[in-house]
Chemist: 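The structure is given below, and queries will be raised subsequently.
The chains referred to below are lettered A, B, ... by the order of the sequence lines, with proteins before strands, and numbering in each begins at 1. It should be emphasised that the depicted structure is a prediction, and the values quoted were computed from it without experimental measurement.
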There are 2 protein chains.
Amino acid sequence: MPATPAVPNGKRPTLADVASRAGVSTALVSIVMRGAKGAGEATRERVLQAAREIGYRPDARARLLRSHRSHLLGVQFGLQHPFHSDLVEGIYAAAEPAGYQIALSAVAAGRGEQRAVETLLDDRCEALILLGPQAPAARLAELAGQLPVVSVARRLRPSVPGLEVVRTADDEGARQAVAHLVALGHRDIAHIDGGRAPGAADRRRGYRTAMNRHGLGEYIRILPGGLTEEEGAEAARTLSATRPRPTAVLAFNDRCATGVLDLFLRSGVAVPGDISVVGFDDSHLARLAHIDLTTVGQDIARLAGLAVGRAVARLEGAEIPAGEQVITPRLVVRGTSAPPR
Amino acid sequence: MPATPAVPNGKRPTLADVASRAGVSTALVSIVMRGAKGAGEATRERVLQAAREIGYRPDARARLLRSHRSHLLGVQFGLQHPFHSDLVEGIYAAAEPAGYQIALSAVAAGRGEQRAVETLLDDRCEALILLGPQAPAARLAELAGQLPVVSVARRLRPSVPGLEVVRTADDEGARQAVAHLVALGHRDIAHIDGGRAPGAADRRRGYRTAMNRHGLGEYIRILPGGLTEEEGAEAARTLSATRPRPTAVLAFNDRCATGVLDLFLRSGVAVPGDISVVGFDDSHLARLAHIDLTTVGQDIARLAGLAVGRAVARLEGAEIPAGEQVITPRLVVRGTSAPPR
DNA sequence: ACGGAGTTCTAGAACGTTCTAGTTCCTTGA
DNA sequence: TCAAGGAACTAGAACGTTCTAGAACTCCGT
């Protein structure tokens, strides 16, 4: 039972408490706690022992207040996006070994991006990592003027000065999906798009150019969709009533594709027998055995690692040209795509 | 364009900067920024103007360091649980009007509860709200000895002293589900459980007692499940091969139920024609038009509000007896339940 | 015996706020 | 005219750290 309350008064133990117990100065305790050099082996042990005994934990806020560096990366993410959850998981994993902490700020109903970013700034984050930000480019530029900012999964055109961008080559992903379907023998391939969501424009463009390149321009059909299951199902409803019905469909993302799958199953359209379905993201969802979705894999760990990497590089003064890191996606073939019959 | 950099040197503007620009003391600026009384109307305007001009934002950490109160609630949640996302959303909404800020700390692969809680403590949170904590009761008790702790959606038995518990009456929920199915005419009702997940034991118990109470003890069948789609699908696979096949199934939660639904659809078992399916949580998932799941609704907004409320009450010194807040769930009947044929 | 070079340690000033205890100045009532 | 009371404002000490100097001590070669 190492951590009994053990505080003289009611307050939380501080450097001074440890110091007086170990019979040294607070400065020395600080040195020991940070693992800095400049303390004798014996004293170090004694201090650590004292700290352990009274259950001392350094006060992160006081620490940050004093030291010029905060080693804090602010991450803005959407609570309702599984893809963001996966990214955050990757960001945690990448930040720890680099010696940085993560401050999370969620975008949710009644809590917009503006607010989310403000709290991060108030917490003195050194850099911002924004997942799929929807804020206008001007706002991002303004932020980028204040501190390093990394935008993940959103293309910015023209590029905002000082802003780092880490994204998947969405157009290339769409091209790969189309190529896969064409190789299977499909010709009539529809696309359910993501409207104004980040990446949607690129995926739409990639689909269109791929179709044209394969000489299938006449089959191009883009249905308004979105990034939720409901919007996918809605588009699928339209699709299933269309004659002739396409033999394959590329959905904006996995959530959207799941909605499509579900509606098809319910209305007796066999997948992949009657129609092939391809998603985008390779989120946890797609990998589930009972969904088993063919999808365009975004390398989430890589995106996260790169986002952290760019932020850290900028912070550590590397004079890298602010720029775009584009990651090539990789098609993951699973059970929802097959030759048309 | 109100927020140009506008800082003399490269640093972020501070109270002193505003003070010298407005020609007053830092103390007065502090008063004005906090909206405290004790400043003249004219000066107040002048200070605010100066602050606006140089783009001043108070430093949250310095502020917290000085003022004894931090008005910070630490929230631990699971990144991969949609139900937690919904709760967090509700917590944000409840905390704001109460004058509290939220610090998020995620539990993810490679980042356990221990670590998540430690960072919250380091940030000097005043109270902890733990969503579905898995930590042993002893650990929770230890925490509760240090600061107010609210455990959401996990029953603790025997009750841990000093710990606040906010939860849904899981057993009652299961009873409602069974009653609904029985009223529809079902007798052979199976339950896919949640193993060691928070709430699972209570739901299991509720199912069992309800079955007995309706004189259906001989039909009791509990399949090992879990809280993910995969585990639900796995159990459904077993179930669909069982003869005689139950005419209804109560799944541990909505994710699990979704897995069940999907497997049934794929294997040609009609829902609700051949078998009725009931979930638990009423998360976003269940409400999706294409899933349309009958489910036991947890009042998420209420749970969140209560969690914040209890934490705040304890902080503001209300000497409420530490105790359990149990919320009665409400069955939401949708499209996956119908009379057996 | 002495100067230099490490080491190990300490005093005290930051960091950007809020808080306590005043001080100054204006009203106002007797 | 004067004290009392309040409003408007300020100086300076906190808060719990880290950082900059420098002090005290040891170890060496000369």
Side-chain angles (χ1 to χ4, degrees), chain A residues 7-48 50-51 54-72 101 121-126, chain B residues 7-48 50-51 54-72 101 121-126:
Chain A
V7 200
N9 52 48
K11 314 306 299 166
R12 183 174 163 151
T14 144
L15 263 194
D17 297 327
V18 180
S20 76
R21 176 173 257 259
V24 295
S25 70
T26 61
L28 188 56
V29 178
S30 169
I31 286 171
V32 172
M33 294 319 287
R34 274 176 293 146
K37 63 176 180 182
E41 198 41 53
T43 339
R44 184 177 294 271
E45 254 326 305
R46 192 152 40 89
V47 168
L48 286 176
I54 64 178
Y56 168 77
R57 309 217 79 218
D59 184 323
R61 314 199 104 92
R63 177 173 271 186
L64 296 192
L65 175 58
R66 171 61 223 199
S67 49
H68 198 196
R69 300 291 313 275
S70 77
H71 284 263
L72 240 196
Q101 299 255 55
L121 291 178
D122 288 348
D123 281 350
R124 286 285 191 268
C125 289
E126 293 190 286
Chain B
V7 200
N9 53 49
K11 316 302 302 164
R12 182 172 162 153
T14 146
L15 264 194
D17 296 328
V18 180
S20 76
R21 177 172 256 259
V24 295
S25 71
T26 60
L28 188 56
V29 179
S30 169
I31 286 171
V32 172
M33 295 318 288
R34 272 175 294 148
K37 64 177 179 182
E41 199 41 53
T43 339
R44 186 177 293 271
E45 255 325 306
R46 193 153 39 89
V47 168
L48 286 176
I54 64 178
Y56 168 77
R57 311 216 79 218
D59 183 323
R61 313 199 105 92
R63 174 173 275 185
L64 295 192
L65 176 58
R66 171 60 224 204
S67 49
H68 200 195
R69 300 291 313 276
S70 77
H71 283 263
L72 241 196
Q101 298 256 53
L121 290 178
D122 289 348
D123 282 349
R124 286 286 190 269
C125 290
E126 294 191 284

Chemist: When rounded to the nearest 0.5 angstrom, what distance separates CZ in A/Arg46 from CG in A/Leu48?
Modeler: 11.0 Å
Chemist: Whole Å only: how far is the CG atom of A/Asp123 from the P atom of C/dG16?
Modeler: 16 Å
Chemist: Below 3.5 Å, can you tabulate the donor-acceptor pairs from side chains in residues 60-68 of chain B to any protein atom, sequence neighbours excluded?
Modeler:
{"from": "B/Arg61", "atom 1": "NH1", "to": "A/Asp123", "atom 2": "O", "distance (Å)": "2.1"}
{"from": "B/Ser67", "atom 1": "OG", "to": "B/Arg63", "atom 2": "O", "distance (Å)": "2.7"}
{"from": "B/Ser67", "atom 1": "OG", "to": "B/Arg69", "atom 2": "O", "distance (Å)": "3.2"}
{"from": "B/His68", "atom 1": "NE2", "to": "A/Lys11", "atom 2": "NZ", "distance (Å)": "2.3"}

Chemist: Between the protein and nucleotides 11-14 of chain D, list the N/O to N/O atom pairs that are separated by less than 3.5 angstrom.
Modeler:
{"from": "D/dA14", "atom 1": "N3", "to": "B/Arg66", "atom 2": "NH1", "distance (Å)": "2.4"}

Chemist: Under 4.0 Å from any atom of DNA chain D, heavy atoms only: list the residues of residues 56-64 of chain B that qualify, in numerical order.
Modeler: none
Chemist: CG of B/Asp59 to CG of A/Leu121: how many Å apart, nearest 0.5 Å?
Modeler: 11.5 Å
Chemist: Taking only heavy atoms on the protein side, list every residue of residues 30-44 of chain B lying under 4.0 Å from any atom of DNA chain C, sorted numerically.
Modeler: B/Ser30, B/Arg34
Chemist: Without decimals, in angstroms, what is the distance between A/Ile54 CD1 and D/dG16 P?
Modeler: 12 Å
Chemist: Of all the heavy-atom pairs spanning B/Ala50 and B/Ala22, show the shortest one and how long it is.
Modeler: CB-CB, 4.0 Å
Chemist: Roughly how far, to the nearest 0.5 Å, is the CZ atom of B/Arg44 from the CE atom of B/Met33?
Modeler: 10.5 Å
Chemist: Nearest to the side chain of B/Leu65, which nucleotide is it out of D/dC15, D/dT10, C/dT10?
Modeler: D/dC15
Chemist: Want to settle it: does B/Ser67 or B/Gly23 sit nearer the 5' end of DNA chain D, counting the closest nucleotide to each?
Modeler: B/Gly23
Chemist: Looking only at non-hydrogen atoms, find the nearest pair between B/Val18 and B/Ala51 and report the distance.
Modeler: CG1-N, 3.9 Å
Chemist: Looking only at heavy atoms, which two atoms of B/Asp122 and A/Pro58 are closest? And how far apart?
Modeler: OD1-O, 3.9 Å
Chemist: Rounded to the nearest angstrom, tell me the gap between atom CG in A/Leu15 and atom P in D/dT18.
Modeler: 6 Å
Chemist: Distance-only, no hydrogens or angles: does the B/Glu126 side chain make a donor-acceptor pair with backbone N or O of B/His71 under 3.5 Å?
Modeler: yes
Chemist: For the pair made of CG in B/Leu28 and P in D/dT10, what is the distance, rounded to whole Å?
Modeler: 6 Å
Chemist: Over how many whole Å does the gap from A/His71 atom NE2 to D/dT18 atom C1' extend?
Modeler: 13 Å
Chemist: Report for the helix from C/dA1-D/dT30 to C/dA30-D/dT1: angle between first-end and last-end helix axes, five pairs each, rounded to 10 degrees.
Modeler: 50°
Chemist: State, with a plain yes or no, whether a side-chain heavy atom of A/Val32 is found less than 4.5 Å away from one of A/Val29.
Modeler: no
Chemist: Using 0.5 Å steps for rounding, measure from the OG1 atom of A/Thr26 to the CD1 atom of A/Ile31.
Modeler: 9.5 Å
Chemist: Identify, with sequence neighbours excluded, every residue that meets salt bridge (charged side-chain N to carboxylate O under 4.0 Å, His left out) alongside A/Arg21.
Modeler: A/Glu53
